[in-house]
Amino acid sequence: MRKIIYSGTDKMRELIKDNNQLLPVLSRFDIAFGFGDGKVSEICSKNGVDTDTFLTVCNFLSGYSYDVERISLESLMKYLKHAHASFLDVTLPSIRRSLIEAINRADTNEVSLMLIKFFDDYVEEVRKHLLYENDEVFVYVEKLLSGEKSDDFQISKFSVNHSHMGAKLNELKDLFIYHYNQKENDRLSAALFDIIMCEHDLISHFEIESNLFVPAVERLERVLERKDAPNTASSNEEEPTAAPVLSQREGEIVRCVALGMSNKMIADALFISVNTVATHRRNISSKLGIHTTAGLTLYAVINGLVDTNEVQLL
């Protein structure tokens, strides 16, 4: 029976046994292997890792419940920077070497060179994207953490143009499979499998940034805005109860639900997994106290997420 949520009292090896795709998460949090039967909280403490942030990432990637408010932005940014270095310095160069070795025997050298150039151009796009995050986005968040606001940048600017960069890699894989005629494909098959795993890894990385990092930064932005806002209310007045705030991604999903889309259709449209859609819908229902499609549709209309002529209210 699968767990509902990972906790600090679980053994680290049980997390990996439950979802072996969490293995890269350990290295990107700089957690040393050889942890035996140690508990998650003990191992995180020993390696200087924020336990709540580690668990939030693991629960999110495994499709379990998670709480963005438990995230340490410092710890999450360190994880994301390590992931960037892993893609640029380890995974993508390794794939390139494997591709060159796999297609060296081919007679169609010109086509081989074109495919390698396609891959190199893709890697350069990924490099520019990740370095932008390192040099612009993370620097902005570090200033926020020190209490310094910026009038020129907000995290919403980043999230609007944010993409997982996996589509072109998938296209390269398809070019090899459907159009590159070569026998003795053991090496090429292994390289293409690595491409598939890298694509999944990039999508997971994108989802962590979109669903954990961006909402955590938005929350910090709101905190700093409230601190700077003039206090015009009387000290005797009660603060109005704040309406639940949906993240940009949650708003997109509510809109899709209101348009009658299934979880699979939403996942395909937003380039995320079906498990991630389901997790978002649970969190949305928890925030809004709305548990039916009809209720979410009414919410979407009332809050301007869809026009009345786009939906059929039943």
Below 4.5 Å, heavy atoms only, C-beta onward: do S75 and F29 meet side chain to side chain?
yes

I'd like to know if K287 pairs up with E250 as an ion pair, taking the criterion as any Lys NZ or Arg NE/NH1/NH2 lying under 4.0 Å from an Asp or Glu carboxylate oxygen.
yes

Other residues, nucleotides, ligands: >12 heavy atoms within 6.0 Å of E14 CD:
yes

Testing the basics here: between T297 and A258, what is the closest heavy-atom pair and its distance to 0.1 Å?
OG1-CA, 3.6 Å

Who passes salt bridge (charged side-chain N to carboxylate O under 4.0 Å, His left out) against D194, sequence neighbours left out?
none

Same hydrophobic cluster for L80 and L23, using side-chain heavy-atom links shorter than 4.5 Å among ILVMFWY?
yes

So, is the end of the R28 side chain (NZ or CZ) under 6.0 Å from the ring centre of F87 and within 45° of the ring's axis?
yes

Name the residue from L15, I5, L22 that meets the side chain to side chain contact (heavy atoms under 4.5 Å, CB included) definition with S62.
L22

Distance check, rounded to the nearest 0.5 Å: T293 atom OG1 versus R281 atom CZ?
5.0 Å

Separation between CZ of F60 and OG of S204, rounded to the nearest 0.5 Å:
8.0 Å

Show your working on salt bridge (charged side-chain N to carboxylate O under 4.0 Å, His left out) between K128 and E125 and close with a plain yes or no.
CA-CA 5 Å; K128 289 180 179 178; E125 288 181 23; over 6 Å; no

Within the structure provided, determine whether M12 and I31 are in side-chain contact (heavy-atom separation under 4.5 Å).
yes

Determine the minimum heavy-atom distance between L192 and K173, stating which atoms define it.
CD2-CA, 4.2 Å

Test Y64 against every option in T56, N275, D18, N19 by the side chain to side chain donor-acceptor pair (under 3.5 Å) rule and name the one that passes.
D18

Ignoring hydrogens, what is the shortest heavy-atom contact between S27 and H82? Give both atom names and the distance.
O-CE1, 3.0 Å

For K39 and D10, run side chain to side chain contact (heavy atoms under 4.5 Å, CB included): C-alpha distance rounded to whole Å, both residues' side-chain angles, the deciding distance at 0.1 Å, then the answer.
CA-CA 5 Å; K39 295 179 180 179; D10 290 329; over 6 Å; no

Candidate list I203, V25, L61, test side chain to side chain contact (heavy atoms under 4.5 Å, CB included), partner I208, passing option
L61

Is it the case that atom CZ in R282 sees more than 12 heavy atoms from other parts of the structure closer than 6.0 Å?
yes

Closest non-hydrogen atom pair, P215 against S210
CD-O, 3.2 Å

Joint hydrophobic cluster, L202 plus L131, side-chain heavy atoms closer than 4.5 Å:
no

For K81 and E142: C-alpha separation, side-chain torsions, deciding distance, then whether salt bridge (charged side-chain N to carboxylate O under 4.0 Å, His left out) applies.
CA-CA 13 Å; K81 288 178 182 178; E142 287 166 355; 2.9 Å; yes

Measuring from atom CG of L113 to atom CD1 of I100, what distance do you get when rounded to the nearest 0.5 angstrom?
9.5 Å

NZ/K46: more than 12 non-hydrogen atoms of other groups inside 6.0 Å
no

Tightest non-hydrogen contact, residues V68 and R219, listed as O-NH2, 3.5 Å

Can you find a heavy atom in the side chain of K117 that is under 4.5 Å from one in the side chain of M114?
no

Spacing of CG belonging to N211 relative to OG belonging to S247, to within rounding of 0.5 Å:
7.0 Å

Closest heavy-atom pair, S72 versus T53, reported as atoms and distance to 0.1 Å, is N-OG1, 2.8 Å

Taking atom OH of Y79 and atom CG of D50, what is their separation to the nearest 0.5 Å?
14.5 Å

Any chance the rings of Y6 and Y66 have centres within less than 6.0 Å?
no

Neighbour count >12 (heavy atoms, 6.0 Å) for atom CZ, F193
no

Name the orientation class of the two ring planes belonging to F35 and F33 (parallel below 30°, tilted from 30 to 60°, perpendicular beyond 60°).
perpendicular

Separation between NE2 (H84) and CE (M77), nearest 0.5 Å, reads 11.5 Å

Common cluster, I155/V139, ILVMFWY with side-chain heavy-atom separation under 4.5 Å
no

Consider only side-chain heavy atoms of I, L, V, M, F, W and Y, link residues closer than 4.5 Å, and tell whether V126 and M197 are in one cluster.
no

Does this structure show an ion pair linking R96 with D120, if we count only N-O contacts that are shorter than 4.0 Å?
yes

